[in-house]
Amino acid sequence: MASIAGSLLSPPPLPTKPHLTAPKLSTQTLRTKFKPSPIRSSAQSTSPPPPLAFDSVSESELRRKGFMGLRKTKLVCTVGPACSSGAALERLAEGGMTVARLNMCHGTREWHRGVIREVKRLNREKGFCVSVMIDTEGNQTHMVDLGDSSIRAEDGSIWTFTTEKFEGCRPFTIQVNFGGFSEGVMMGDELVIDGGMATFEVVDKIGNDLCCKCIDPGLLLPRAKLSFWRNGELVGQNSGLPTLSKKDWDDIEFGISEGVDFIAVSFIKDANDIKHLKSYLSERSAGLIRVLAKIESMESLENLNDIIEASDGVMVARGDLGVHVPLEQIPLIQEEITHICRQLNKPVIVASQLLESMIEYPIPTRAEVADVSEAVRQYADALMLSGESAVGSNAEKALSVLRVASGRMELWSREENRQCFLSQPQLAKSLPDRISEKICDCAVHMANNLGVDAIFVYTTHGHMASLLSRHRPNPPIFAFTDSSGSRNSMNLLWGVIPIEIPSLSEDMEANIKGTISLMKDRGSVRSGDVVLVVSDVSCSSAAPAVFQSIQVKNVA
Ligand SMILES: Nc1ncnc2c1ncn2[C@@H]1O[C@H](COP(=O)(O)OP(=O)(O)O)[C@@H](O)[C@H]1O
Ligand SMILES: C=C(OP(=O)(O)O)C(=O)O
Ligand SMILES: [K+]
Ligand SMILES: [Mg+2]
């Protein structure tokens with residue numbers, strides 16, 4: 001048992017050159033998968049630090065495993081009490097966390113502030129590039145926090161669900177957070193706790209309170225979520241409530257003042273929710289903060305395409321989705337959302353319960369590894385840990401399972417040439433945008449066919465990098481930008497390694513020469529490496545001349 005877990009947790013050495021064909025899974029192929037890659041030379045320690053911010057984790061991975069060994073799938077960790085110390089955050093960053101997520105449902109603002117500042121300190125002092133995401137609480141119906149204790153509901157027992165506020169516990173009485181929770185609920189409806197942890201039948205309604213009989217016994221966990229069902233269909237809830245509550249707006253203000261990179265909005269209902277927040281952020285001069293739509297309700301599924309189009313990225317929030325739709329529908333919904341996001345060029349995070357058993361145990365279940373691998377095979381941009389990192393005893397191990405499982409599946413997908421099955425419709429409408437898009441289409445095609453070592457792209461807002469990433473190219477994409485906000489926002493893009501340079505010159509040849517030379521000085525590219533360089537940068541805001549090109553550079 002231990003040795004199986006051990007081999008799963010050790011990083012797979014990956015070959016350094018891309019595979020251009022789809023080899024059969026012969027024993028020979030399987031063996032070559034485990035072949036160690038040559039070690040790259042280390043950075044020149046005598047020279048002063050060059051003006052190029054290349055994160056220390058990717059840089060060391062590049063040295064150890066070569067270009068093709070760089071992981072493509074991004075990893076998000078929810079920070080909770082189990083991993084909020086500086087030392088624990090540092091270990092997660094070293095283990096490949098690219099985004100630290102703070103769930104504003106839990107913890108105090110002071111606590112969140114402490115974590116954000118710690119992440120930023122580590123970025124500064126240790127050369128990491130970890131972005132920060134806040135995740136709003138949203139309006140949802142749940143039991144009022146019972147502290148750490150959970151309650152067992154026995155078959156046939158009668159319970160009152162009330163909005164009355166009281167201290168401590170009353171037998172067979174559950175406080176609910178939202179006054180209108182019983183609106184539209186009728187006798188005979190089913191009250192389902194946490195998507196099925198326990199089920200009740202509504203037997204009486206007294207004012208706003210519900211009297212319910214337990215028909216499927218189980219556990220009521222702290223802050224358990226409530227949903228009502230009639231004849232197999234969800235009974236609408238919260239529809240009158242805004243997506244963002246007063247507390248959410250306060251949390252957003254807090255996020256702006258702390259300089260977070262992403263705001264994930266819970267229980268999105270339609271595209272207006274996103275548009276509203278995005279225009280608010282622009283007015284507040286915080287337009288660089290990316291807004292992610294969490295798909296976790298029936299309403300969000302009904303308006304899926306519009307929501308995705310309006311957002312800067314999406315989270316498949318399978319936890320609450322499983323409360324609102326039958327569980328057996330979740331795999332297809334995930335696949336569909338992932339597919340639409342790639343088509344619309346929006347990064348997508350697959351979230352919740354990926355390695356749930358690792359909250360307690362040091363190894364995952366085989367089913368969990370299969371689930372993680374399937375998300376990677378679907379080319380999700382990012383995978384997310386929730387309780388596994390926030391409260392679990394094995395946060396780093398869980399992260400390393402994500403790292404190793406995603407690395408392995410990325411390699412197999414490359415060997416099977418799976419990215420050539422991705423259909424990518426034209427997105428751009430105007431001619432300049434269509435040119436950029438075509439340049440990226442062709443660049444990836446060339447990069448894969450020529451078997452280049454890396455793609456370099458110069459990008460102000462990360463758009464060109466995303467257009468390259470959309471095709472899931474074999475080589476890694478090094479995205480050079482002069483904006484730290486853009487750099488951090490690229491941390492959710494599959495296969496993109498964002499690198500900050502002090503400024504993008506108006507002379508594009510100088511940018512190319514300069515960055516290749518800086519990367520060479522650090523030992524990150526070497527003589528003989530082949531780099532495909534894509535540029536599409538408006539060189540000057542006064543005269544927006546655009547320099548567009550694809551060049552193949554043989555590093556001298
Ligand atoms: N900042 C925090 N403080 C305390 N506990 C947290 C924090 N963040 C997350 N958790 C814990 O981790 C669990 C999983 O996190 P998450 O999936 O984000 O939340 P939830 O289960 O509320 O949807 C939560 O149920 C909660 O117990
Ligand atoms: C990620 C999710 O949201 P939260 O953890 O905030 O409930 C989810 O529901 O899967
Ligand atoms: K949340
Ligand atoms: Mg949720």
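Numbering of ligands and ligand atoms starts at 1, following listing order. One-based numbering along the sequence shown.
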Is the shortest distance from a Lys or Arg side-chain nitrogen in D312 or K278 to a carboxylate oxygen in the other one below 4.0 Å?
yes

Non-hydrogen atom of M315 closer than 4.0 Å to ligand 2:
yes

Part of H324 within contact of ligand 2 (heavy atoms, under 4.0 Å)
neither

Here the atoms of ligand 2 under 4.0 Å from any heavy atom belonging to R101 are 1 (C), 3 (O), 4 (P), 5 (O), 6 (O)

Looking at D189 and R230, is there a salt bridge between them, counting it only when a charged N and a carboxylate O are closer than 4.0 Å?
yes

Does the Lys NZ or Arg CZ of R170 fall within the cation-pi geometry relative to F172 - under 6.0 Å from the ring centre and within 45° of the axis?
no

Quick check on contacts: which atoms of ligand 2 are under 4.0 angstrom from a heavy atom of R318?
10 (O)

Should the pair D320-K225 be classified as a salt bridge under the 4.0 Å nitrogen-to-oxygen rule?
yes

Could E258 and R117 be called an ion pair, given the rule that one side-chain N must be under 4.0 Å from one carboxylate O?
yes

Partner set under side chain to side chain donor-acceptor pair (under 3.5 Å) for T162, not counting sequence neighbours
D209

E110 and R113 ion-paired at < 4.0 Å
yes

Is there a donor-acceptor pair closer than 3.5 Å between any side-chain N or O of D270 and the backbone N or O of N303?
no

Donor-acceptor check, side chain of E410 to backbone of T73, threshold 3.5 angstrom: yes or no?
yes

Which residues pass the salt bridge (Lys or Arg N to Asp or Glu O under 4.0 Å) test with E296, sequence neighbours left out?
K294

Would you sort out whether I333 and L301 count as a side chain to side chain contact (heavy atoms under 4.5 Å, CB included), showing the intermediate values?
CA-CA 9 Å; I333 292 174; L301 290 173; 3.7 Å; yes

Between the side chains of K126 and E90, is the shortest nitrogen-to-carboxylate-oxygen separation below 4.0 Å, so that they form an ion pair?
yes

Find all atoms of ligand 2 within a distance of less than 4.0 Å from any non-hydrogen atom belonging to K225, and give their numbers and elements.
7 (O)

Is ligand 2 under 4.0 Å from a heavy atom in the side chain of L321, in the backbone, in both, or in neither?
neither

List below, pair by pair, the N or O atoms of ligand 1 and of the protein that are less than 3.5 Å apart, including the distance to 0.1 Å; reply 'none' if no pair qualifies.
residue: ligand 1; atom: 18 (O); partner: R101; partner atom: NH1; Å: 2.8
residue: ligand 1; atom: 18 (O); partner: R101; partner atom: NH2; Å: 3.4
residue: ligand 1; atom: 18 (O); partner: N103; partner atom: ND2; Å: 2.7
residue: ligand 1; atom: 19 (O); partner: N103; partner atom: ND2; Å: 3.1
residue: ligand 1; atom: 19 (O); partner: H106; partner atom: NE2; Å: 3.4
residue: ligand 1; atom: 22 (O); partner: H106; partner atom: NE2; Å: 2.7

Minimum-distance protein heavy atom relative to atom 6 (O) of ligand 2:
K294 NZ, 2.9 Å

Closer than 4.0 angstrom: is that true for some heavy atom of M104 and an atom of ligand 2?
no

The one among A317, G322, S386 that brings a heavy atom closest to atom 8 (C) of ligand 2
A317

What protein heavy atom is closest to atom 7 (O) of ligand 2, reported as residue, atom name and distance in Å?
D320 OD2, 2.9 Å

If you count the atoms of ligand 2 from 1 in the order shown, which ones are under 4.0 Å from a heavy atom of G319?
8 (C), 9 (O), 10 (O)

Just which atoms of ligand 2 are under 4.0 Å from any heavy atom in S352?
1 (C), 2 (C), 8 (C), 10 (O)

With heavy atoms of E296 as the reference, note each atom of ligand 2 found under 4.0 Å away.
2 (C), 3 (O), 8 (C), 9 (O)

Sum of protein N, O or S atoms, each under 2.8 Å from the Mg ion (ligand 4):
2

